[in-house]
Amino acid sequence: MNTPLRRWSTEAASHGRSLDYWVDAVCEGFLAMDVRSRAPQRFEAALTSAALGELQLNRVEGSAQDVYRTPRHLSRGGPNYFYLLCKTDEPWAGAQEARGTRLAPGDCLLVDSRRRYEFHFDTRCDTISLQLPSDWVERWLPDPAAACGRALDGRSGFGAALSAFARQLQPELALAPPLPAALLADQLGALLALGAGTEAPPARPGLAARIADAVRERHAEPGLTAAAVAAGLGIGERSLHRALAAHRHTFAQQLMACRMDSARRLLADPRFDRLTVAEIGRRVGLLDPSHFVRAFRHATGHTPGALRRQR
């Protein structure tokens, strides 16, 4: 079942009440914050949001504004999250507690809603904002506070890969995700850890090879997760991701590569012509036929049926 999109727009506000409507919208869609505008009578904005597994994908569009989460808001309690923001059209500024930064287009900013933060959008606020559960972030970053409130360079290295991937996570993607939500979350987490440049202890020798062997052996299990593979190997999930990152790999990449290699072998072998494309997908761990076709086309440039006919 498709995840519904939620949308708030100041188009629904009565005359002269756009900014008040917007404050209510961000408090409902995100959490308690203040929003200020230098031109409240001409203010316009929209928020589009959708859930992708445990992540929430948000796109904010609209006028220049200043956003504040203050001690007054923190005292209200309620759920807390990390937010990863990326804006590509213009520079902007953000801060977490006393750590402030100016961000170039494409840079990412991580903030923790359990602490004060503020954003300053001088002309437009058009931004992707990814809502990340606190325990999810803490699984990926050994010290999240060290990454919060500083610009993650979106123009080079792993920061550029993180920025490019985050920008693809538009709310509409949740309607028909190209990969299972858990794999997309793993991809984001691995890139966040790499883009934040957090220090990690060296992986045990041979661990990446053991992980690769386990993924090959278990790739046909529907819904296979990094946590399940790590448990089978007797290691922590963070150790698994770090070992793969040391070789510039992610769990999602390895799992999908194994599945696509297996699918190619089945499609190339005339003995399996009696199997439908949907059954081929099921045999490699992808139960949704449309998802299997999308993933196969992305990996090979062909649909499974076209590859079989070309043979």
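Predicted model only: the values in this text are computed from it and were never measured. Position 1 is the first residue of the sequence, and the numbers go up from there.
- Salt-bridge formation is not detected for the pair Arg210/Asp213: no Lys NZ or Arg NE/NH1/NH2 atom is positioned less than 4.0 Å from an Asp or Glu carboxylate oxygen.
- Taking the six-membered ring where tryptophan is involved, the planes of Phe43 and Trp22 are tilted, since the angle between them lies from 30° to 60°.
- Sequence neighbours left out, the pairs with a member in residues 168-193 that pass salt bridge (Lys or Arg N to Asp or Glu O under 4.0 Å) are Arg59-Glu172.
- Atom CG in Leu183 sits 5.5 Å away from atom CE in Met256 (nearest 0.5 Å).
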In residues 47-54, what donor-acceptor pairs under 3.5 Å come from side-chain atoms, sequence neighbours left out?
{"residue": "Thr48", "atom": "OG1", "partner": "Arg7", "partner atom": "NH1", "Å": "2.9"}
{"residue": "Ser49", "atom": "OG", "partner": "Gln56", "partner atom": "NE2", "Å": "2.7"}
{"residue": "Ser49", "atom": "OG", "partner": "Asn58", "partner atom": "OD1", "Å": "2.7"}

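- Judged as a side chain to side chain contact (heavy atoms under 4.5 Å, CB included), and not counting sequence neighbours, the contacts of Ala214 are Val229, Leu233.
- Listed by chain and residue number, nothing satisfies the salt bridge (charged side-chain N to carboxylate O under 4.0 Å, His left out) test with Glu217 (two or more places apart in sequence, or in another chain).
- Note on Leu152: it does not cluster hydrophobically with Leu103, by side-chain heavy-atom contacts below 4.5 Å among ILVMFWY residues.
- Here Asp107 does not pair with Arg102 in a salt bridge; the nearest charged N to carboxylate O distance is not below 4.0 Å.
- Connection of Leu191 to Tyr83 is not established within any shared hydrophobic cluster, with ILVMFWY side chains joined at heavy-atom distances below 4.5 Å, either directly or through further cluster members.
- Here the CZ atom belonging to Arg114 is positioned 11.0 Å from the CG atom belonging to Leu74, to the nearest 0.5 angstrom.
- Between atom CZ of residue Phe165 and atom CD of residue Gln187 there is a gap of 5.0 Å, rounded to the nearest 0.5 Å.
- Every residue was checked against the salt bridge (charged side-chain N to carboxylate O under 4.0 Å, His left out) condition with Arg274, not counting sequence neighbours, and none meets it.
- Here the CG-CZ distance, from Leu192 to Phe158, works out to 13.0 Å after rounding to the nearest 0.5 Å.
- Annotation: salt bridge (charged side-chain N to carboxylate O under 4.0 Å, His left out) contacts of Arg124 (sequence neighbours excluded): Glu44, Asp126.
- Taking the six-membered ring where the residue is Trp, His241 and Trp140 present tilted rings, their angle falling between 30° and 60°.
- Between Phe119 and the options Asp66, Thr127, Leu85, a side-chain contact (heavy atoms from CB on, under 4.5 Å) holds for only Leu85.
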